[in-house]
**Q** 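Mind looking over this structure? Questions follow.
Remember, it's a predicted structure, so these values are computed and weren't measured experimentally.
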Number of protein chains: 2
Amino acid sequence: MQTILSDFTKHLKAEGLRLTKERVHLLETICSFKGHFIADDILFAIKSRRKSGSRATLYRLLPVLVKASLIQQSLLYDGQTKYEVTWNKAHHDHLICSSCSMVIEFKHNTIEILQREIANKYGFILDRHVMELVGRCKDCRRKNDVSPRLC
Amino acid sequence: MQTILSDFTKHLKAEGLRLTKERVHLLETICSFKGHFIADDILFAIKSRRKSGSRATLYRLLPVLVKASLIQQSLLYDGQTKYEVTWNKAHHDHLICSSCSMVIEFKHNTIEILQREIANKYGFILDRHVMELVGRCKDCRRKNDVSPRLC
DNA sequence: CCACTATTGAGACGTAATCTCAATAATATA
DNA sequence: TATATTATTGAGATTACGTCTCAATAGTGG
Ligand SMILES: [Zn+2]
Ligand SMILES: [Zn+2]
Ligand SMILES: [Zn+2]
Ligand SMILES: [Zn+2]
């Protein structure tokens, strides 16, 4: 049976890296999050749990997990480095409300295909892509429409 | 006749901001760049030209220029904040080689339309989007294919 | 020209991320 | 198992990038 830990272990072996308890603690903490998170969320959580794992170790681990395709960077639109777990999860892109920060995950096969076509047209092999749609959701638009009347 | 400076002046007026020589120097420096640039490129160039304009003034100006649609943030995929001039330039997205950092600008109307459709479907009004395709170009693939033989 | 107010810039500050290096722990080998 | 080898850890220093402070300066409108 495949678990994120077994895949992680496999990846470490393949890369000549060691399976340490700090790395396991950090990965477990990361897996405890529901959606998107920042590095500091992990640091804070690992301290709460009184598990070993430091800032240096975390920042060394993050690119390893990305390379292993267990996590990825997401929501780059506002300059903050956010992550999400991608292990065993289908690819998706994001629609974000710039006012209330609500995030909607969506999948659009046609766009995925067109993106690959564009890459091919220019002689590229596509490895990944960032697609983030930024706008205002219905609720936030309503609120903004109202506020002028209040002033 | 419309120039970037006249549009800039207009925007400042509209926002109740003043046209200062530092802002003009910084904008001129920004316009001297061909493609994508980072804040430090501007700072370095303005020092070389021995024009007035400081770090604080630059970082205060950048969001103003973004709001005026004279520049925009681009190439977020690697975490660095890069800008490009958008004044008098059609919208485009980016295809990037992760190996040699070559950037190709492309325009794909169908995707633009589909993106708006997705936003509408979820009740959003789309303000902007980030779409960056990351892969490896033909040349870099060739180089990588060869290197194992050299070792 | 004056009065008013926005702007500037040197440097302090904040925050995210990386680096250093001695101590420690994981692994391979005997 | 014991030992040698080498990767890893973590506290704290350091860097990179960006923001803030505030006294001096400079636009602006009247
Ligand atoms: Zn996608
Ligand atoms: Zn997501
Ligand atoms: Zn586009
Ligand atoms: Zn561009």
Side-chain angles (χ1 to χ4, degrees), chain A residues 5 8-30 36-68 71-83, chain B residues 5-6 8-30 36-68 71 73-83:
Chain A
L5 188 57
F8 180 50
T9 307
K10 222 172 289 172
H11 178 83
L12 290 177
K13 273 257 159 61
E15 298 271 316
L17 301 172
R18 291 174 183 177
L19 183 70
T20 65
K21 61 179 182 314
E22 284 79 14
R23 283 173 177 164
V24 173
H25 292 160
L26 287 166
L27 182 59
E28 282 169 353
T29 302
I30 286 169
H36 305 88
F37 53 89
I38 61 174
D40 222 48
D41 293 332
I42 308 166
L43 237 39
F44 182 81
I46 204 123
K47 274 176 204 159
S48 307
R49 293 161 170 233
R50 284 161 220 275
K51 296 276 188 181
S52 60
S54 67
R55 191 154 41 106
T57 302
L58 170 62
Y59 278 107
R60 279 183 293 234
L61 179 63
L62 288 170
V64 174
L65 296 178
V66 169
K67 191 166 184 202
I71 65 172
Q72 73 174 14
Q73 283 181 278
S74 288
L75 304 184
L76 309 180
Y77 74 102
D78 72 345
Q80 248 208 321
T81 308
K82 300 195 200 69
Y83 294 87
Chain B
L5 188 57
S6 72
F8 181 49
T9 307
K10 221 172 292 173
H11 178 82
L12 290 178
K13 273 257 160 62
E15 297 273 315
L17 301 172
R18 291 175 181 175
L19 183 69
T20 65
K21 60 180 183 317
E22 284 79 14
R23 285 174 175 162
V24 172
H25 292 159
L26 287 166
L27 182 59
E28 282 170 353
T29 302
I30 286 168
H36 305 87
F37 54 88
I38 62 174
D40 223 46
D41 293 333
I42 308 166
L43 238 39
F44 182 82
I46 205 124
K47 274 177 203 157
S48 306
R49 293 163 170 230
R50 285 161 219 276
K51 295 276 189 180
S52 60
S54 68
R55 192 156 41 109
T57 302
L58 171 61
Y59 278 106
R60 279 184 291 234
L61 179 62
L62 288 171
V64 174
L65 296 177
V66 169
K67 189 164 185 204
I71 65 173
Q73 282 181 278
S74 289
L75 304 184
L76 309 181
Y77 74 103
D78 72 345
Q80 249 208 322
T81 308
K82 300 196 201 67
Y83 294 87

**Q** In whole Å, what is the span from the CD atom of A:Glu15 to the C1' atom of D:dT8?
**A** 16 Å
**Q** How many whole angstroms separate atom CG of B:Leu43 from atom P of D:dA16?
**A** 14 Å
**Q** Would B:Arg49 and B:Glu28 pass as an ion pair if we require N to O under 4.0 Å?
**A** no
**Q** Quick one: the side chain of A:Arg23 and the base of D:dT8, do they pair up donor-acceptor inside 3.5 Å?
**A** no
**Q** Output the distance between atom OG (B:Ser52) and atom CZ (B:Arg23), rounded to the nearest 0.5 Å.
**A** 12.5 Å
**Q** Atom CG of B:Leu19 and atom NZ of B:Lys21: how far apart are they, to the nearest 0.5 Å?
**A** 11.0 Å
**Q** Look at B:Tyr59 and D:dT19 and indicate whether a side-chain polar atom (N or O) is within less than 4.0 Å of OP1 or OP2.
**A** no
**Q** Using 0.5 Å steps for rounding, measure from the CD1 atom of A:Ile42 to the CG atom of A:Leu62.
**A** 5.0 Å
**Q** Return whichever of B:Lys21 or A:Ser54 has its heavy-atom-nearest nucleotide of DNA chain D closer to the 5' end.
**A** A:Ser54
**Q** Whole Å only: how far is the CD atom of B:Glu22 from the P atom of D:dA26?
**A** 8 Å
**Q** Starting at CG of A:Asp78 and ending at P of D:dG18, how long is that distance when rounded to a whole Å?
**A** 14 Å
**Q** If you look at every heavy atom in B:Tyr77 and A:Leu76, which pair is closest and at what distance?
**A** CA-CD1, 3.9 Å
**Q** Which nucleotide span of DNA chain C, 5' end to 3' end, has atoms closer than 4.0 Å to non-hydrogen atoms of chain B?
**A** C:dT5 to C:dA12
**Q** So does B:Ala39 get a backbone contact from the side chain of B:Arg55, meaning a donor-acceptor N/O pair under 3.5 Å?
**A** no
**Q** Nearest-Å distance, CZ (B:Arg55) to C1' (D:dG18)?
**A** 8 Å
**Q** Provide, to the nearest angstrom, the distance between the NZ atom belonging to B:Lys13 and the C1' atom belonging to D:dG29.
**A** 11 Å
**Q** So A:Ile38, base contact, sugar-phosphate only, or nothing? Heavy-atom distance under 4.0 Å.
**A** nothing
